[in-house]
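In what follows, a structure is listed as structure tokens, so that the remarks can point back to it.
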Amino acid sequence: MTEAKEYYNWTSRNYVEKWKKIDSFRLKLIHFLIEMAQIRPGDKVIEIGCGTGLVLKELLNYVKPVYGIDVSFEMLKRVQDSVLLDRKVVKVERPEEIVENKSGAEVVLFENDILDLKLPQGYFDKILSLEVFRYIKEIKTALNKAAEIMKPESIFVFTATNLWSANLFPLKFSIRKLLGLVNSQKEIFQYFVTERSIRKNIKEAGLK
């Protein structure tokens, strides 16, 4: 996931400006994901690919503390110095500190890649991930890694972009990528799924 890390380290401040006034559609989508996760008081809730912290900000209305990881250290900085500047946000360096949370932080951040999760296993009750899987080629590996940090009754709510989306962008992008027309210096590589493929990957990860 090197491309995504480099891209978001470079564009993190732009994303803060872009979503300073979050549009109603995205806000509804975030609330829909939270509703699907069935978050309850006391739940250990983590967002994989938390970006600048927009979902974490909404999660704080339901439970505290919340946890967030991202492959981009610059994005995590924006959670601290921009989006959640008014909250007690702590970035930890070791996974053990996630469980300990000695600082009593409302938001605990950890730099980590979903393809190489170094999080406490069997620890989280609810996991959310918004617009992350479209940047991951090895979705099956990502799902397997997510399964490791879940309890048997945990809920993982995520979005994935369908190749056959009505706006045709995924299909057009995939064709350009196949023809070698995607400029890796200016664009981030994206990967898309079909309903059949994502259901297959979910099943093979031992999830349902």
Side-chain angles (χ1 to χ4, degrees), residues 1-5 7-8 23 25-40 43-51 54-56 58-59 62-63 66-72 75 110 112-179 182 187-208:
M1 213 165 130
T2 306
E3 301 99 339
K5 181 174 183 176
Y7 177 82
Y8 285 112
D23 61 88
F25 171 77
R26 183 164 293 266
L27 190 59
K28 287 179 181 178
L29 178 57
I30 291 172
H31 286 168
F32 181 61
L33 292 183
I34 293 173
E35 182 182 332
M36 288 185 69
Q38 300 175 31
I39 294 170
R40 302 287 182 267
D43 279 348
K44 295 289 188 293
V45 184
I46 187 167
E47 183 189 5
I48 294 176
C50 63
L54 293 174
V55 176
L56 296 176
E58 297 303 318
L59 280 171
Y62 297 83
V63 66
V66 294
Y67 306 85
I69 67 165
D70 202 277
V71 71
S72 165
M75 282 293 205
F110 182 57
N112 205 185
D113 187 333
I114 188 174
L115 297 177
D116 185 30
L117 286 182
K118 294 179 173 63
L119 297 170
Q121 297 200 354
Y123 185 71
F124 294 99
D125 300 290
K126 309 293 167 60
I127 305 172
L128 285 79
S129 188
L130 175 63
E131 293 187 5
V132 171
F133 278 18
R134 68 188 298 169
Y135 304 118
I136 299 174
K137 184 178 182 180
E138 305 90 351
I139 289 183
K140 182 180 177 181
T141 301
L143 288 169
N144 281 325
K145 291 296 182 181
E148 292 176 359
I149 66 172
M150 297 169 67
K151 301 175 182 177
E153 68 279 9
S154 295
I155 296 175
F156 179 21
V157 181
F158 64 88
T159 63
T161 305
N162 197 312
L163 176 64
W164 309 113
S165 176
N167 66 13
L168 298 181
F169 170 77
L171 185 59
K172 291 178 180 178
F173 187 92
S174 298
I175 293 173
R176 288 176 56 230
K177 186 167 60 176
L178 186 65
L179 296 175
V182 176
E187 301 176 77
I188 182 171
F189 278 95
Q190 299 186 49
Y191 307 90
F192 309 103
V193 303
T194 62
E195 183 176 345
R196 182 178 181 181
S197 69
I198 196 68
R199 286 185 180 277
K200 181 175 182 288
N201 286 328
I202 288 170
K203 184 176 181 180
E204 290 178 351
L207 303 174
K208 61 179 181 180

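Basis for what follows: all heavy atoms, side chains included, without hydrogens, waters or symmetry-related copies.
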Those residues that, when tested against [X], pass side-chain hydrogen bond (donor to acceptor under 3.5 Å, both in side chains) (two or more places apart):
{"X": "Y67", "value": "none"}
{"X": "T161", "value": "none"}
{"X": "D116", "value": "K118"}

What residue among I139, L207, V193 forms side chain to side chain contact (heavy atoms under 4.5 Å, CB included) with N201?
->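 Between N201 and the candidates, side chain to side chain contact (heavy atoms under 4.5 Å, CB included) is satisfied uniquely by I139.
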Where [X] and [Y] come nearest, the two heavy atoms and their spacing:
{"X": "F192", "Y": "Q190", "result": "CZ-CB, 3.6 Å"}
{"X": "L130", "Y": "V55", "result": "CD2-CG2, 4.0 Å"}
{"X": "K177", "Y": "Y191", "result": "NZ-CD2, 3.2 Å"}
{"X": "L117", "Y": "N112", "result": "CA-OD1, 3.4 Å"}
{"X": "P170", "Y": "N162", "result": "CG-O, 3.5 Å"}
{"X": "G51", "Y": "D70", "result": "N-OD2, 2.8 Å"}

Y135 ring center within less than 6.0 Å of F189 ring center |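 No, the ring of F189 stays outside the 6.0 Å limit from the ring of Y135, centre to centre.
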Among residues two or more places apart or on two chains, list those pairs meeting side chain to side chain donor-acceptor pair (under 3.5 Å) that have a residue in residues 142-159.
->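 Non-adjacent pairs meeting side chain to side chain donor-acceptor pair (under 3.5 Å): D125-K151.
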Donor-acceptor pair, T194 side chain versus S197 backbone, under 3.5 Å?
->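 Side chain of T194 to backbone of S197, a donor-acceptor pair under 3.5 Å: yes, one is there.
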Mind checking the [atom1]-[atom2] spacing from [X] to [Y]? Nearest 0.5 Å is all I need.
{"X": "I46", "Y": "L128", "atom1": "CD1", "atom2": "CG", "result": "10.5 Å"}
{"X": "I188", "Y": "R134", "atom1": "CD1", "atom2": "CZ", "result": "9.5 Å"}
{"X": "L115", "Y": "I136", "atom1": "CG", "atom2": "CD1", "result": "5.0 Å"}
{"X": "S165", "Y": "L171", "atom1": "OG", "atom2": "CG", "result": "10.0 Å"}

Partners meeting side chain to side chain contact (heavy atoms under 4.5 Å, CB included) with V63 (sequence neighbours left out) |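 Once residues adjacent in sequence are excluded, the partners of V63 under the side chain to side chain contact (heavy atoms under 4.5 Å, CB included) criterion are I39, V45, V66.
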Within 6.0 angstrom of F169 CZ, more than 12 heavy atoms from elsewhere =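 Yes, enclosed.
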Would you say that [X] contacts [Y] through its side chain, given a criterion of any heavy-atom pair below 4.5 Å between the two side chains?
{"X": "I149", "Y": "Y123", "result": "no"}
{"X": "I34", "Y": "I30", "result": "yes"}
{"X": "I127", "Y": "F158", "result": "no"}
{"X": "V182", "Y": "F173", "result": "yes"}

Kindly indicate, with the supporting measurements, whether the criterion salt bridge (charged side-chain N to carboxylate O under 4.0 Å, His left out) is fulfilled by K126 and E47.
-> CA-CA 9 Å; K126 309 293 167 60; E47 183 189 5; over 6 Å; no
Sequence neighbours excluded - salt bridge (Lys or Arg N to Asp or Glu O under 4.0 Å) pairs with any residue from residues 199-208 |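 Listed by first then second residue: K140-E204, E195-R199, K200-E204.
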Should R26 and E131 count as an ion pair when the cut-off is N to O under 4.0 Å?
->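 Judged by the 4.0 Å cut-off on N to carboxylate O distance, R26 and E131 do form a salt bridge.
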